[in-house]
There are 2 protein chains.
Amino acid sequence: MDTALFTADGGRLVTYVVPLTRGPLNGKWAFPGGLVRTGEMLDDAARRELYAATGLCDAYLEQLFTFGDPSRDPVAHVVSVAYMALARERGLIAPPSGGYPEGRWFEVSALPPLAYDHGLMAEYALKRLKAKVEYTNIAYALLPREFTFAELEELYAAILGRPVDRRNFRRRIMAMGLLARQPGERRGAHRPAALYTFKQQSLQTVEML
Amino acid sequence: MDTALFTADGGRLVTYVVPLTRGPLNGKWAFPGGLVRTGEMLDDAARRELYAATGLCDAYLEQLFTFGDPSRDPVAHVVSVAYMALARERGLIAPPSGGYPEGRWFEVSALPPLAYDHGLMAEYALKRLKAKVEYTNIAYALLPREFTFAELEELYAAILGRPVDRRNFRRRIMAMGLLARQPGERRGAHRPAALYTFKQQSLQTVEML
DNA sequence: CCAAAAGTGTTGGCTCTACACCCATGA
DNA sequence: TCATGGGTGTAGAGCCAACACTTTTGG
């Protein structure tokens, strides 16, 4: 059970990895993970381990794929269920005591080599995220409650790995009807930007017939 | 490790289930499955169990989802990796000796209640199949090597659960460029039909930008 | 010649993409 | 007033859905 955690950070998509502290792969980066306990739901195990590794307790979680190549772990034949987790804030990461080492955020386009088959997991997670961002409101789990259109657009560009036309993007997102205008505006050095929020703070799929 | 096996049968989509022969769920229908051996790839285990249950050895296999609810099996906490398998021929099913009971094919729209969470698995598999049939050549694994356009169309209608416009369907499929005309024709009681085959006999994804 | 399935085009509406300028603000 | 990022509209192309008749064969 391993979890690829993502969040948005100033228009970049970043993922959280921790250094392994024992075994033959000591020192390599890997996604945080652990073992499922008997009688425990898989999702609960993922949530528990994510909390242990990061202190996060309300992240979005989704099962990705189960990796079972006997050679994936040099020590033993461990089958691993991979999860994708999405969090709102890059800060606030603090393992609540317990043996978890502190990890690091990397931009997904600049990931270091990962231990086991975690590189594959990262690819898989990104593929899933890319797909889902097109027809669901899944971005709600990556952004703070309130955000500007520009922030949303930057996030989409980072996830899709390509620039996005601002006007077409706005039209499409609006057509999906997922956003609600939020009172107030974000004021910076220039023209203030309107604030939006996702109407639903849980996964919602848009029918496209 | 459980496998939902499908095939096409005269324009219907059918799935194979076996009766459980022991335990508290004795007599209920379930997808064939078994345990992964230490040191075995998950896919290999699925292939092996599918062979043991049906005698099939060249089916298309794809991992679907991992079910880990501790209450899914009344006897013990068993985590199960669900697979979808697609086969070409409804006939030829014969467990090669070994304790496997004989199973039955059911049309997917008329499945009996299944044991464990296999009903969920069936739903999941169908969802995946529906999606993939739209942008891949995955139907190659369900049809005989040669088939008529009408057969392909019937299969699509069965998978999608809705009728399909013949002309639009032909246009779209042709546009994907997956088919090759096959010499000869299928002669029946009426006008003979041209034969086609999938150019690639392995999964191929069509880019749609 | 009749019944049954195979095969084939066109049109209108809709959607998508490409593209450039004005606006509001703070410094 | 200028620099910066926020916000907006339109036209042309391509795509998709809806729709019905002709062809070929066997009986």
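A note on names: the letters A, B, ... follow the listed sequences, proteins ahead of strands, and every chain is numbered from 1.
Minimum heavy-atom separation, A/Leu155 to A/Ala139: CD2-CB, 4.0 Å. Shown here for B/Arg47 and B/Ala59, the closest heavy-atom pair between the two residues is NH1-O, 3.5 Å. Nearest heavy atom pair, residue B/Val36 against residue B/Leu42, reads CG2-CD2, 3.8 Å. Pairing each heavy atom of A/Thr136 with each of A/Tyr156, the nearest pair is O-OH, 4.1 Å.
Atom CG in B/Asn168 sits roughly 14 Å away from atom P in C/dT10 (whole-Å rounding). Rounded to whole Å, the distance from CZ on B/Arg167 to C1' on C/dG7 is 10 Å. In this entry the distance linking CZ of B/Phe169 with P of C/dT8 reads 14 Å, nearest Å. If you take CZ of A/Arg170 and C1' of C/dC16, they are 18 Å apart, rounded to a whole angstrom. We find that CE of A/Met174 is positioned 18 Å from P of C/dT15, with the value rounded to whole Å.
Within the 4.5 Å cutoff, the side chain of A/Met84 has heavy atoms near those of the A/Ile138 side chain.
Mapping B/Arg172 and A/Asp165 onto DNA chain D by nearest heavy atom places A/Asp165 at the nucleotide closer to the 5' end.
Within residues 185-198 of chain A, the residues having any heavy atom under 4.0 Å from DNA chain D are, by residue number, A/His190, A/Arg191, A/Pro192, A/Ala193, A/Ala194. A heavy-atom distance below 4.0 Å to DNA chain D is reached by none of the residues of residues 153-160 of chain A.
In 5' to 3' order, the nucleotides of DNA chain D bounding all contacts with chain A (an atom under 4.0 Å from a heavy atom) are D/dA3 to D/dT10.
A ring-centre distance under 6.0 Å is not found for B/Tyr140 and B/Phe147.
Atom CZ of A/Arg22 sits in a sparse spot, with 12 or fewer heavy atoms from other residues, nucleotides or ligands closer than 6.0 Å. Residue-environment remark: OH (B/Tyr51) stays at or below the threshold of 12 foreign heavy atoms within 6.0 Å. Within a 6.0 Å sphere centred on CG of B/Leu35, other residues, nucleotides and ligands contribute 12 heavy atoms or fewer. In B/Arg12, the CZ atom is not crowded: 12 or fewer heavy atoms of neighbouring residues, nucleotides or ligands sit closer than 6.0 Å.
Under a 3.5 Å cut-off, the side chain of A/Arg88 and the backbone N or O of A/Leu143 do form a donor-acceptor pair.
Residue contacts shown for B/Arg171 include a base, since a base heavy atom lies under 4.0 Å away. The residue B/Arg166 sits close to a base: some heavy atom pair falls under 4.0 Å.
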